[in-house]
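I have placed the structure first, in the form of structure tokens, so that the comments after it can refer back to it.
We name chains A, B, ... by the order of the sequence lines, and we start the count at 1 in each one.
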Number of protein chains: 2
Amino acid sequence: MNGVPGAAGEGPPREPAYDLIELMFFAYRDFVSDPDHVLERFQFGRAHHRVIHFVHRHPEIRVADLLDILRITKQSLARVLRDLIEQGFILQKEGQADRRQRLLTVTEKGQALALELARLQTERFTRAIAASGTPRDQAVRFLYAMIDPDAREEVTRMITQAGRAVPQKDR
Amino acid sequence: MNGVPGAAGEGPPREPAYDLIELMFFAYRDFVSDPDHVLERFQFGRAHHRVIHFVHRHPEIRVADLLDILRITKQSLARVLRDLIEQGFILQKEGQADRRQRLLTVTEKGQALALELARLQTERFTRAIAASGTPRDQAVRFLYAMIDPDAREEVTRMITQAGRAVPQKDR
DNA sequence: CATTTATGTCAGCCATGTTGACATATTCGA
DNA sequence: TCGAATATGTCAACATGGCTGACATAAATG
């Protein structure tokens, strides 16, 4: 109780973490900038990147599940999905159990693009981990803890279950 | 030379770091979402947030320097700056040495908003650091290392020099 | 005094998000 | 079996926040 900043009993620190806030801002900006140049070649933007990434990660994903992950509307998705399908990066397949569904999967061309984009971002992480001496799992835990608590479970599931078909509702 | 993944001589790992890539995506999404609700009350968006943040951090900043930090055009800045000035969050002052300059500073009202927004994001970092057991300076080093090498020097200067007047060019 | 610089502004375009309304095909449930 | 619910698609209109290009003004500079 002596007015020293950081003394016990104050709860969370009062000083704004300007360094972390600004580092996060610039780190993310550069993190998403690598793919931009590659995407330009196809007249694609970041919205296309997100779609092809998550479709690549979740073959035969349902449109509704993709919308849940991206948190956008079907109208927003439709625009970029049209481009990706027309240019042969993604294909649609009728659901077997439920023929209303249009299951989305990347083509070989789409997979190649998704892998190239992931490779660029992976290299940034690899370099950052090495240069900063951060244990990889420490970085994972830190970023995970930055996510809203009520979204974490779903993110964990998404990351660990990727590649498996998205479970359908009980029938 | 036995085909074991991760064996020496392969250079950087070939496996895409999907977990880190997706965690970064979701972490950033939530990181910027806290301020959104506060900004809504003033009909402000994320562009307003960035401007008020950096003006708060750099009192009497020149328009040209703000544009450099944000990497946007003056036309883009003009739109949000107009709102912020009209609603009394930022004020312009003629430069003393150079009267062409319009030095930008937050008002008290603007400072209050900037501090509130920074507080929300700081709390997220504080919780994440505690929950993940990441030393604070480890998080700083990691995020710093995620930034493009040729941008790091400027970011360091920006973070450490904040609050001081931006140095003018030699005269 | 001519040129450069700092800033502002108008107009229009693009990417990507939104809401609302409506259409179609299919599945589900009473 | 039939009406309701569901999965998806589409059209139109609008908001935000980027962009380029063209031009204007005031002040500094050589």
Item checked: Contacting residues from residues 31-50 of chain B, given that a heavy atom lies under 4.0 angstrom of DNA chain C -> none
Check: Would you say the side chain of Met158(B) lies within less than 4.5 Å of the side chain of His58(B), judging by non-hydrogen atoms?
Finding: yes
Item checked: Close side-chain approach of Phe42(A) and Leu113(A), heavy atoms under 4.5 Å -> yes
Notebook entry, point to check: Residues in side-chain hydrogen bond (donor to acceptor under 3.5 Å, both in side chains) with Tyr28(B), at least two apart?
Noted result: none
Value in whole Å for how far the [atom2] atom of [N] lies from [atom1] of [X]:
X	N	atom1	atom2	answer
Leu104(B)	dG8(C)	CG	C1'	13 Å
Ile90(B)	dT7(C)	CD1	C1'	16 Å
Leu66(A)	dG9(D)	CG	P	11 Å
Gln96(B)	dA27(D)	CD	P	15 Å
Leu70(A)	dT8(D)	CG	P	14 Å
Gln92(B)	dA26(D)	CD	C1'	14 Å
Arg29(A)	dG18(D)	CZ	C1'	13 Å
Asp98(B)	dT5(C)	CG	P	12 Å

Note to self: Check this for me: does any side-chain nitrogen of one of Asp30(A) and Arg152(B) sit under 4.0 Å from a carboxylate oxygen of the other?
What the structure shows: no
Could you list the residues that satisfy salt bridge (Lys or Arg N to Asp or Glu O under 4.0 Å) with [X], not counting sequence neighbours?
X	result
Asp148(A)	Arg124(B)
Asp83(B)	none
Glu154(B)	none

Next item on the list: Please state whether the phosphate of dA25(C), meaning OP1 or OP2, lies under 4.0 angstrom from any side-chain nitrogen or oxygen of Gln101(A).
Entry: no
Margin query: Measuring to OP1 and OP2 of dC19(D), would you say a side-chain N or O of Ser76(B) lies under 4.0 angstrom away?
Written below: yes
Notebook entry, point to check: Which nucleotide sits closest to the side chain of Ala64(A): dT8(D), dG8(C), dC19(D)?
Noted result: dT8(D)
All N/O pairs under 3.5 Å across the protein-nucleotides 10-13 of chain D interface:
none

Next item on the list: Map Arg71(A) and Arg99(A) onto DNA chain C by nearest heavy atom, then report which one ends up closer to the 5' terminus.
Entry: Arg71(A)
Note to self: Reading DNA chain C from 5' onward, which residue's closest nucleotide shows up sooner: Arg102(A) or Ile72(A)?
What the structure shows: Ile72(A)
Notebook entry, point to check: Is it true that a side-chain atom of Thr107(A) and a backbone atom of Gly88(A) form a donor plus acceptor pair closer than 3.5 Å?
Noted result: yes
Check: What about Arg100(A), does its side chain sit under 3.5 Å from the base of dT6(D) through a donor-acceptor pair?
Finding: yes
Margin query: The test is ring pair (Phe, Tyr, Trp, His ring centres under 6.0 Å); show your working for Phe25(A) and Phe31(B) and say whether it passes.
Written below: CA-CA 9 Å; Phe25(A) 174 68; Phe31(B) 166 70; 8.7 Å; no
